[in-house]
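Following: one structure in structure tokens, then a few remarks.
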There are 2 protein chains.
Amino acid sequence: MSDWQSLAAYGKVVFYTQVTPNRRNGSPARMNDKKMMTLADIAKLAGVSESTASRALRNNPVINQATREKVQQIAAEHQFKVNATARNLRTQKSYTIAVIIAFDAKTQQTVSDPFLLELLGVIADELSQHGYDMLLSTSKSDDKDWGSYFLDSKRADGLIIIGQGEHDPRVEALAQTQVPFVVWGGRSGAELYPIIGSDNRQGGRLATEHLLNQGCRQLVFLGDIRHNEIEQRHLGMLDACQAAGIASDAVQQLTCDFTAQAGYLQTQQHVFARLPELDGIFAASDAIAMGAMKALLEHDIAIPQQVALVGFDDIAMSAYCTPSLSTVKQNTQSGGKALVSQLLARMQGQQPLSEQLAVKLLCRQSSLRRL
Amino acid sequence: MSDWQSLAAYGKVVFYTQVTPNRRNGSPARMNDKKMMTLADIAKLAGVSESTASRALRNNPVINQATREKVQQIAAEHQFKVNATARNLRTQKSYTIAVIIAFDAKTQQTVSDPFLLELLGVIADELSQHGYDMLLSTSKSDDKDWGSYFLDSKRADGLIIIGQGEHDPRVEALAQTQVPFVVWGGRSGAELYPIIGSDNRQGGRLATEHLLNQGCRQLVFLGDIRHNEIEQRHLGMLDACQAAGIASDAVQQLTCDFTAQAGYLQTQQHVFARLPELDGIFAASDAIAMGAMKALLEHDIAIPQQVALVGFDDIAMSAYCTPSLSTVKQNTQSGGKALVSQLLARMQGQQPLSEQLAVKLLCRQSSLRRL
DNA sequence: TCTGCTATTGCAATCGATTGCAGTATCGCC
DNA sequence: GGCGATACTGCAATCGATTGCAATAGCAGA
């Protein structure tokens with residue numbers, strides 16, 4: 001922001017766009033878009049009643065085949081589109097799912113974590129494949145509580161909540177409702193709603209086992225364990241240590257936001273002090289890991305020889321930093337699919353399911369000591 | 001995808017979520033959410049007519065202050081939310097803007113470029129601040145043409161089209177309509193619709209001047225100039241070279257998608273051949289630049305001493321790779337704001353404006369030869 | 001020719017909120 | 001006490017599509 005102050009001088013360049021008079025209404029004979037076609041117009045043109053027209057357009061077999069085709073053809077000719085609002089009102093459905101990206105109240109920043117965005121993309125595709133539109137909301141101006149805003153107002157038929165889910169009272173509240181929703185995140189235990197997420201604990205275990213295999217003995221965990229998912233990753237780390245007979249005080253946990261910057265700062269402030277004993281870092285996200293990597297490299301600490309580093313997520317950049325980042329890959333593809341299919345199932349009154357998706361360790365340069 | 005085949009063995013773990021009987025309908029006395037409150041219910045409870053209730057809720061001053069407060073209070077007590085569908089139908093507005101991320105038909109991949117996603121976030125915030133909902137659509141299943149799908153069906157009141165805009169016939173077609181829409185991208189000349197974007201040519205110029213200042217003389221441009229924005233960046237590069245009296249054949253342009261992978265591959269395949277003469281690379285995006293950086297480092301080419309590198313966008317990671325990436329920063333904040341405000345203005349019948357936003361060169365390690 | 005079906009189509013109510021216009025108090029003032 | 005103005009409220013139409021139920025026509029079988 002302040003970065004941009006120097007630009008005040010530039011100002012911004014504004015052009016007046018040349019506009020066509022907008023009366024390019026096709027050939028003179030046809031007057032296509034006079035006002036806006038309604039079903040009634042189509043019915044009239046086809047010489048049938050509105051009800052017949054409606055049924056014909058929806059391909060209701062009770063209507064004579066010939067009639068159906070005729071109506072459909074006329075509708076197509078006039079590029080008639082059913083008014084979604086009217087339909088929604090009548091049918092009491094919106095064919096829309098609201099996706100809510102909830103994030104920290106403190107770091108009032110816009111959705112940023114690359115992983116979440118990747119997941120978001122998958123969800124978008126998946127929803128559209130099922131014929132649903134997607135209403136996106138970053139719960140910044142969230143005085144309005146989501147549930148009622150989207151559901152009671154009939155803006156959406158269901159909710160998908162993603163975003164690093166610190167225990168959110170609003171979600172708990174939703175669970176008391178019969179609102180259909182699913183959450184991306186980590187299972188904390190006995191939630192009353194379906195949670196889809198990676199097997200974070202297993203991920204933490206895999207990453208840590210790998211670090212231990214590489215000979216690391218003094219570890220740091222970078223991440224905020226107040227978040228369910230992160231807590232699970234941390235627990236997985238402890239699991240692995242315990243299994244390997246490593247003393248629990250050999251693992252230090254440093255709280256850290258989901259940004260490269262946070263990873264960088266935390267590393268500078270707390271990690272260097274523990275050198276040279278410290279020899280392994282497990283970061284709760286790739287962004288954090290990349291920040292840590294930067295800090296380490298700046299201080300000429302060899303990665304992975306001196307300190308081995310593993311991240312989480314496998315964002316696109318991970319393979320392209322230097323050294324390339326070892327990480328625990330989350331399967332966004334099946335994650336997005338699961339979220340959508342569970343929600344849809346739930347909307348049809350089925351029993352809600354939680355799913356925990358398998359993860360996979362990708363060993364790259366940042367942690368592989370023996371080639 | 002194939003990455004995941006090995007996981008078939010894992011399968012996925014599924015839990016049955018324990019569900020409360022859902023009849024936790026508050027205290028026995030009050031029965032809140034029997035069916036679903038409607039305006040009529042509120043009116044009845046308040047002892048006024050529907051029309052009065054409606055006006056009261058909208059704070060229409062024609063209604064007695066006391067009446068208004070009473071109705072509002074009752075509505076609040078019962079957590080009544082106006083049915084958006086009904087309102088939209090009646091008022092013929094949806095208070096919704098559709099954001100369309102159009103992308104290459106060939107690289108059928110989901111929205112991925114970090115820059116676009118950042119922009120998307122800003123737009124989301126901005127829209128919600130103006131009281132609009134945001135309908136997000138990745139134009140993958142785009143047999144349905146956007147314009148009619150969203151506008152004619154009254155799903156949205158306006159369109160924002162972002163995504164690396166290769167000349168898209170669909171956009172041109174939209175311009176012939178009176179559909180309100182704005183586009184993020186580069187000006188190609190005489191568009192008939194408002195385009196908001198960075199001053200890409202200036203950006204290209206700045207980046208190139210900087211490279212030349214650092215002593216580079218043989219340059220490569222990595223990017224697909226069929227995209228307006230990229231073409232402008234390339235033109236800016238040529239501008240700078242010409243101004244500096246550099247022969248135009250000293251600049252080679254290599255077509256490249258918007259991914260780190262593409263940047264990596266192109267660098268491997270075509271850049272190495274031109275070493276050691278080649279001494280500067282200007283990449284059309286930071287992702288591309290990071291791919292190129294990876295390839296260079298793998299071949300032990302010193303950055304910036306041997307080859308200096310500049311990207312474009314200033315995505316979050318740019319500052320945290322090693323060496324940190326010099327880049328041309330686009331101002332997503334004002335970009336998003338401009339898109340929204342122009343669209344809203346246009347929807348109110350105002351003359352559409354195009355805007356070109358100032359950019360800023362950030363010199364970091366990847367190009368700064370003298371410290 | 002009459003009855004009973006079946007195949008089609010249309011009538012009219014409905015979804016829930018908004019709003020132009022008309023109706024009813026209430027009040028001031030002559 | 002009477003009249004017009006002012007301040008509120010309510011009636012009823014409307015937005016555009018969907019759908020239960022009734023209506024009509026056509027046809028076969030008795």
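Here is the naming used below: chain letters follow the sequence lines, and residue numbers restart at 1 for every chain.
We find that CD1 of A/I63 is positioned 10 Å from C1' of C/dA7, with the value rounded to whole Å. Atom CD of B/E50 is separated from atom P of D/dC11 by 10 Å (rounded to the nearest Å). Taking atom CZ on B/R90 and atom C1' on D/dA17, their separation rounds to 16 Å, with Å as the unit. Atom CG of B/N60 is separated from atom P of C/dT19 by 9 Å (rounded to the nearest Å). Note: CZ (A/R58) to C1' (D/dA17) measures 9 Å, nearest angstrom. Computed from coordinates, the B/N59 CG to C/dT19 P distance equals 14 Å when rounded to whole Å. Rounded to an integer number of Å, the gap from B/R155 CZ to D/dA17 P is 12 Å.
Here D/dC15 is the nucleotide among C/dA13, D/dC15, C/dA17 with the atom lying nearest to any side-chain atom of B/Q92. Relative to the side chain of B/S54, the nucleotides D/dG16, D/dA17, C/dT19 differ in distance, and C/dT19 lies closest. If you check D/dG10, C/dA17, D/dA17 against the side chain of A/N83, the one that comes closest is D/dA17.
Atom CG of residue A/N88 and atom OG of residue B/S153 lie 9.0 Å apart, to the nearest 0.5 angstrom. Here B/Y193 contributes atom OH and B/R346 contributes atom CZ; the two are 11.5 Å apart, rounded to the nearest 0.5 Å.
Using a 4.0 Å cut-off, no side-chain N or O of A/T91 falls inside it from OP1 or OP2 of D/dT18. Between A/T52 and C/dT9, a side-chain N or O to OP1/OP2 separation shorter than 4.0 Å is absent.
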Could you list, one pair per line, each protein nitrogen or oxygen that sits under 3.5 Å from a nitrogen or oxygen of nucleotides 20-22 of chain D, together with the distance?
{"residue": "D/dG20", "atom": "O6", "partner": "A/R55", "partner atom": "NH2", "Å": "3.0"}

Can you tabulate the close N/O pairs, meaning under 3.5 Å, that link protein atoms to atoms of nucleotides 22-24 of chain C?
none

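As judged by a 4.0 angstrom heavy-atom cut-off over every strand, A/V62 is placed among the base-contacting residues. Counting non-hydrogen atoms under 4.0 angstrom, A/T67 reaches the backbone sugars and phosphates but no base.
No side-chain heavy atom of A/D133 sits less than 4.5 Å from a side-chain heavy atom of B/S137.
In this structure, the side chain of A/D125 does not engage the main chain of A/V122 through any donor-acceptor pair within 3.5 Å. Formation of a donor-acceptor pair under 3.5 Å by the B/T85 side chain with backbone atoms of A/L89 is not found in this model.
A side-chain donor from one of A/Q65 and A/E69 sits under 3.5 Å from a side-chain acceptor of the other.
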